[in-house]
Each structure stands twice: as C-alpha cells, then as structure tokens.
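Just so it is clear: chains get the letters A, B, ... in the order the sequence lines come, proteins before strands, and each one is counted from 1. Just so you know, these numbers come straight off a predicted model, no measurement behind them.
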Number of protein chains: 2
Amino acid sequence: MLRTARNTASAVADGEARLPIDTILVGDCIDHMNALPAGSVDLIFADPPYNLQLAEGLTRPDQSKVDAVDDDWDKFESFAHYDDFTRRWLKAARRLLKPDGAIWVIGSYHNIFRVGTALQDLDYWMLNDIVWRKANPMPNFRGTRFTNAHETLIWAARSQKSRVTFNYEAMKLSNDDTQMRSDWLFPICTGSERLKDESDGKVHPTQKPEALLFRILNATTKPGDVVLDPFFGTGTTGAVARKLGRHFIGIEREDAYVAAALKRLAAIKPVRADALETTVPKRAAPRVPFGSLIEQGLIAAGTEIYDERRRHSALVRADGSVASGPFSGSIHRVGALVQGAEACNGWTFWHFEHEGLLRPIDALRADIRAQMQLLSA
Amino acid sequence: MLRTARNTASAVADGEARLPIDTILVGDCIDHMNALPAGSVDLIFADPPYNLQLAEGLTRPDQSKVDAVDDDWDKFESFAHYDDFTRRWLKAARRLLKPDGAIWVIGSYHNIFRVGTALQDLDYWMLNDIVWRKANPMPNFRGTRFTNAHETLIWAARSQKSRVTFNYEAMKLSNDDTQMRSDWLFPICTGSERLKDESDGKVHPTQKPEALLFRILNATTKPGDVVLDPFFGTGTTGAVARKLGRHFIGIEREDAYVAAALKRLAAIKPVRADALETTVPKRAAPRVPFGSLIEQGLIAAGTEIYDERRRHSALVRADGSVASGPFSGSIHRVGALVQGAEACNGWTFWHFEHEGLLRPIDALRADIRAQMQLLSA
DNA sequence: GGTATAGGTGAATCCTCGC
DNA sequence: AGCGAGGATTCACCTATAC
C-alpha cells in the first residue's frame, strides 16, 4: 500500500493526469516507480545508498567519535545484493524516462562502479562522469590514505539515441565564457543550509548542497520539466526544482526525512519568472535561408563576398546560390570547396564589404531574426 | 613462446631469482604474468585499453581533424568481451602481488566502472579513487557535453587485510603541509616529454605524464620496490621507477612501443636519493565563475546589478546569464554591449546594492575565495 | 635576441532536420 | 530507416616563423 504526501496543490497538466507532480511519495522507491506512468519524466536525480563498508567506531585524533553513516538503509549483505537492488531501481527508473530523458546518479568509490556498470548493462548511454570536488572534505584521520575529497556523478541518457537537454550556452556563459568542465568545486552542505533536528543534530547524514543540484538542473532541464528523485531524503532536489521553476516528484521511505522535506519545501520561493529566461542559443534560433537575405534586399545579387582575409571571393547570384571560379552552390558548399574542406559554415565564413570593412553575412541574418522577433511580438 | 627484451644488466636480488627485473617482456600480458612467480611484486600500475567506442571523424570548429585513438588494441566486441579480458588480467595480476601489495588502474568513464566492479569482485580492497584533473584537456568541440577534463585512477590493495605502503608524511610535506587530496591537477603529456616518431608524430596515442607516475610511486612504493606495468606502452612507469630508485617489469605487445621504451629507458639517469623531492607548484587562487555565485546563493537570481554610476542595469538570471534591455549573456559580454565596447571585465563593472551602497560583484568572488580558503585550511 | 602572430593538437563514446 | 544538406562547435598549451 502506497502512501502519498502532497505538499502543494499541484497544477496537473494535460496528459500528465496521473503524474503526482510536486509531491512526495512515501514508501519503497521501486514500488512507487513501477506504479507511475511510463515515459513521463524528463530527468531523474538519484542519490542512492552508498553501501559504505565502515569498520566500527572511527574516532578522530582527539578521541571524539565520528558521526558516520551507519543507518540501516545503507546496509547490504554483499555486492550481489547491492547489485540486485541497483539494477532493480535503475530498471524501474528507465521505464519512467521520456525517450529523450536522462539520469544523474551520485556515489563514492564504494558503490559508483557498481552503479556505472549497471547503467551500461541496462543500455543507458553515458554522457559524462562528473567529479564533485569538495572544498571542505572530512580529513583522513588515520593518515592511511589520500583525503577522500570528491564524489562522482554519472550523467547518462536513457539510450544512445536520446537527444537530451544540455544548456551548453548557459553553462559556458556562467563559467566566464569557457566550456564547463567535468570537475566541479563546491563546499559540502553545512551552516544554515544544513537541516538540524530538535537536538541540533543532522536530520540526514548525507544532505547534498543545493549548489550542486542548481548546476545539474540548470544544465540538463528546461523550465517546467519534471524531475524525479527516488531517494528524496530531505528534499534538496525538490527545493532547487521549485526555485528554478521545475516540477519534482520525490520518493522517500523514512517518515522523519519526509517531514523535514515538507517543511523545507513549504518555505521555498520560486525565482522571478523573468529571471528564468535564457538567451536563445544559435542552434535553437529559427532557420533563415540565405536566399531570403537577397529577397529582402539586405544583400544584392551581384555582390562580391569574401572570406575574412580576402583569400577567396564569391559572387552572390539572384537564386540564392554563390559562385566562385569553377564552384557554385550554397554558401556552405562553396565555402567548403574553395578551402578544400569537408564542411564549412558559410554564415561565418563569408563577409561583405561595408564602409571599407568586412562584416560576416551572419550579421545580416541576425538583423532578419531581430526583425522577425519584433513582428511576432 | 615469450620473448624477452632486456635493457639493462639486472641486479637480481635474493629470492627473486626468476624475476626479470628492469626488463621489458614482449608479448601478451596475461601469458607473461602467468609465467612469473606468485607473490613477487610490490605494486602494479596498469593503463589498460579504455574501449572508447568512438564514432568516425570528429573535426574541430576550424575543420581540422582530431587524431583519434583508433588502434586495434582498443577494440572490443562488447562489454562482455571487455569484462572477460579485464577479469583475466586482473586475476593474473593479483597472483603476482605480495600479500601487502597494491594496484593502480587508470581509466575513463568508458571502462573504469567495469574495472572497479571487477576489482571488487576479485576481492581487491579499494583504498581510494583518484581524479586526475587535466590542466589542458581537449575541449568538447560540438558543444554537446561537459568538457571531459579528467581521468579516474583506482588504488586498491590485494586484499582487505593487506597493509599497503602509503608514504603519508611525504605526501603531506609535498602538499604545503596539508593532507594530499584525492583530486590531482597535472597537465597532459605534451612538449619535449612526448615521444615523437621520425615523421614527428606521436609514438603512442595515450602517453601518460611522468608527473602522474611520480606521485603514485612516491606515495605508494619504497625505494627498491618492484613495480609491474602490464600495459607498458612507451615506458613511462619504467622511466619514473628508474628515476626514483625503484625496479620495474614492463610487459608490452607492440614492437614499436617496446623499441621506443628501450631507447627512452637507456637515457634515464637515476637521481640521487636526496634529490628526489619534487617541487610543488604554488596553489593558485581558485577560479570562481559568476555562475557559482548564484549556485551558492551569494547573489540571487532576480537581483538587479548596476554599473558604478547607475547608467546601466541588468537582471541576474538563474542560468548565470544577465540581461539588460535587448542584450543577454555573460557579465562580461553584456557589460561590453551596454557600453558599446569590445570587451569588459564584468567583475569590476557590475555592482550590487547593499545597504544602499553599490559594491562590485568582485567583492562576492573575494568572499567565496576567502571562504574556500578557510574551509580547506 | 625578445616579441608578436600563426598554426598545430590532445584517451572524444561530440548534430539535426527533412525527405 | 537511411541519406543528404544545413550549419553549429574549441581550450590550454606547444612550436615555428616573422619581425
């Protein structure tokens, strides 16, 4: 029997009539996932039990006891049991994903290799492994190993042919205009962000920082997407999803975590809608054929166009093709041919003369797109 | 039939009468390992094929072709075949290790999860996973994923009860007196260190940097130890072992690699024991991209920011971009656009309001850096 | 002889749409 | 489904050449 805790009046969209959006489902994650409709979820974030094999009673050099993860939910009899559990929840998760859906799983060296192998065996398609470098990891108190200063995340598509969401431009521009790398630096979750119980202890032993989820959801979901977290804990995924205008479905077994998550989620304020807007990336911008530049008089048939260094030139013809020596065809084809290259982006390769300077013809396309924007507004 | 290439007159120690020390064994690594005496090796370093499964023909944005790893030795029919190969060589390797011996294996997300699972299944005992962060990785040319900027190493003991060598003090000393962490930063192998053939091409497609092996051997072997490398390639492990006064046994199948390794090893001069200390680069201030200020809650999405004289303003958006009138993009890009300038340092140009006063957003970056410094101290 | 510019390159599972 | 065409995409190094 499944119990459902609903924390908000949920706006249920068409076609998602049975999807318990912005809700925590209380109980076993495999049972709950199997009861949800197939192909209904955009992204899954999972922070499964790590199967830590800790010896009893780790103490710090000052003899104080380390509050280790020793909860029952992290206990498995063997790798075989852990693998069985892992494969069952990953299989249930895959059924829930839309064809272009993706999954994130976080883990440590105790379990991430089992998870990665299972993902590959279940025909997920690996996209990246990401390293969360902890700014403030727990030191290795015994001085017997390297400080365990990172955790590993796997980002995988539902299948090899899935065309997953990746907000490349957002990642790049938020990273001082260079590509976001696979190694991320964040502090662990401490201070006021860390949920405390009545006796001021941690509510959850492995609460993840919101910054981590912020980057994940920003990078691999769109506003309005549905994000499922089968190991919801105290609801970090839900909290960030709400802030970012995404929907969540949480599944959690422990009542104490559910209670803490509900309280936390009730206090979340979504960010302003206009702060969720993103720059339209070039690849999502409407297609503008070169011919329409000529039709609209932005460039005249008979004009000569050049590459940046004037090593090549071509003649713009009335039918939207260009000609250069023995070659003629599209701006792309001719750009490739004159260079002896396989391919070429004619929009950035070719330039026209304007007040003695060369400007890429892509600037004219941008003018047309701006004009289209105005007209449709 | 096994062939043996011996590059030096080897000093054979007592009890190691049959151990081909400081030698390259030419041929299949599993055959060779099975022919060596059990329990005779202190450490194994292995850089096995990664099973990359690359598609045809990746080009850079400038249309130049990427010289991919397409060697036959990296081709496997399926994960099952790769697993079978992995388990066979790891089993042979384990037989060779002394009771307190250990192994290092390096890989990428294509193979490292298979390797890690196999290690655990074969009763190796995992000690750390280590992340080699590449200072200069190849970018993601298509803008479809995060830059694959690291590789993963696993350090594992022969068994749970092995008492492995770990030179904790040496690591701490060489790391500004703080514990060495599990994330290591090194450049990839380029320049004069990279072995070139007659036509100036690379001899081996995946030559590892000596700095990586330096740290590994410094951390987990003692002078005089025997280090086996079953995928010897052009002999980085052997070169560093000799420099550090350790013995090596290399196994390699490809004659071209063996020839290059022999030539390389012949030129190695072991350094004096007292000169083994490595110089440690000063830790640079961590780069803090604007997006991480939002992720970490130092500035909220939806906040307005201004230039010093409030002539311009912009909206901070959740994805790390800012928007001002018709412009949106990075803090730098939009700073330039609103001024009509070519470039702009957004960190000093944009300000936020704090108790009625404008403070540059650069102050928030300084806060994050100070916080990270504190946390890691 | 330094300095500026140009060119090359690295373990990479690297596109999308319409016919 | 496969195919062809449009057109999107790069960072930190290194070396060589030109002044």
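- For the pair A:F352 and A:L364, the minimum side-chain heavy-atom distance is below 4.5 Å.
- When the C1' atom is compared between C:dC14 and C:dG10, the two are found 15 Å apart, to the nearest whole Å.
- Although no hydrogens or angles enter the test, the distance criterion places a donor-acceptor pair under 3.5 Å between the side chain of B:D28 and the main chain of B:I30.
- The pair B:R253-B:D72 fails the salt-bridge criterion, with no side-chain N (NZ, NE, NH1 or NH2) lying under 4.0 Å from an Asp/Glu carboxylate O.
- One P atom belongs to C:dC17, the other to D:dT9, and the distance between them is 15 Å to the nearest Å.
- DNA chain D is contacted by both A:K172 and A:I331; A:I331 maps to the nucleotide lying nearer its 5′ end (nearest heavy atom per residue).
- In this structure, the side chain of B:R264 engages the main chain of B:T234 through a donor-acceptor pair within 3.5 Å.
- Taken together, the paired segments of DNA chain D that extend over three or more consecutive Watson-Crick or G-U pairs, each closer than 3.5 Å at both contacts, are C:2-10 with D:11-19, C:15-19 with D:2-6.
- Residues B:D129 and A:H150 bring a donor and an acceptor atom of their side chains to less than 3.5 Å of each other.
- For the residue pair A:T279 / B:R317, a side-chain donor-acceptor distance below 3.5 Å is found, with atom types taken as modelled.
- The existence of a salt bridge linking B:R60 and B:D62 is excluded, since no basic side-chain nitrogen approaches an acidic carboxylate oxygen closer than 4.0 Å.
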Sugar-phosphate or base contact per nucleotide [nucleotides 5-12 of chain C; S, B, -; heavy atom under 4.0 Å] | --S-BBBB
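- For the 3.5 Å distance criterion, the side chains of B:D319 and A:T278 fail to qualify, holding no donor opposite an acceptor.
- To the nearest whole angstrom, the two C1' atoms, one in C:dG8 and one in D:dT10, are 13 Å apart.
- When only modelled atom types and interatomic distance are considered, A:S330 and A:H332 share no side-chain donor-acceptor pair under 3.5 Å.
- If you check every strand for non-hydrogen atoms under 4.0 Å, A:R283 touches sugar and phosphate atoms only.
- Comparing A:T178 and A:R365 by the nucleotide of DNA chain D whose heavy atom lies nearest to each, the residue mapping closer to the 5' end is A:R365.
- When atom types are taken as modelled, the side chain of B:Q207 and the backbone of B:E193 share a donor-acceptor pair closer than 3.5 angstrom.
- With a cutoff of under 4.0 Å to any heavy atom of chain B, the contacted region of DNA chain D is bounded 5' to 3' by D:dG7 to D:dC14.
- At the phosphate of C:dC17, OP1 or OP2 sits under 4.0 Å from a side-chain N or O atom of A:R163.
- Using a 4.0 Å heavy-atom criterion, one finds that B:E193 contacts no nucleic acid atom at all.
- Contacts of B:T147 with the nucleic acid, taken as non-hydrogen atoms under 4.0 Å apart, are absent.
- Within the 4.5 Å cutoff, no side-chain heavy atoms of B:N148 are placed close to those of B:N140.
- To the nearest whole angstrom, the two C1' atoms, one in D:dA18 and one in C:dG1, are 13 Å apart.
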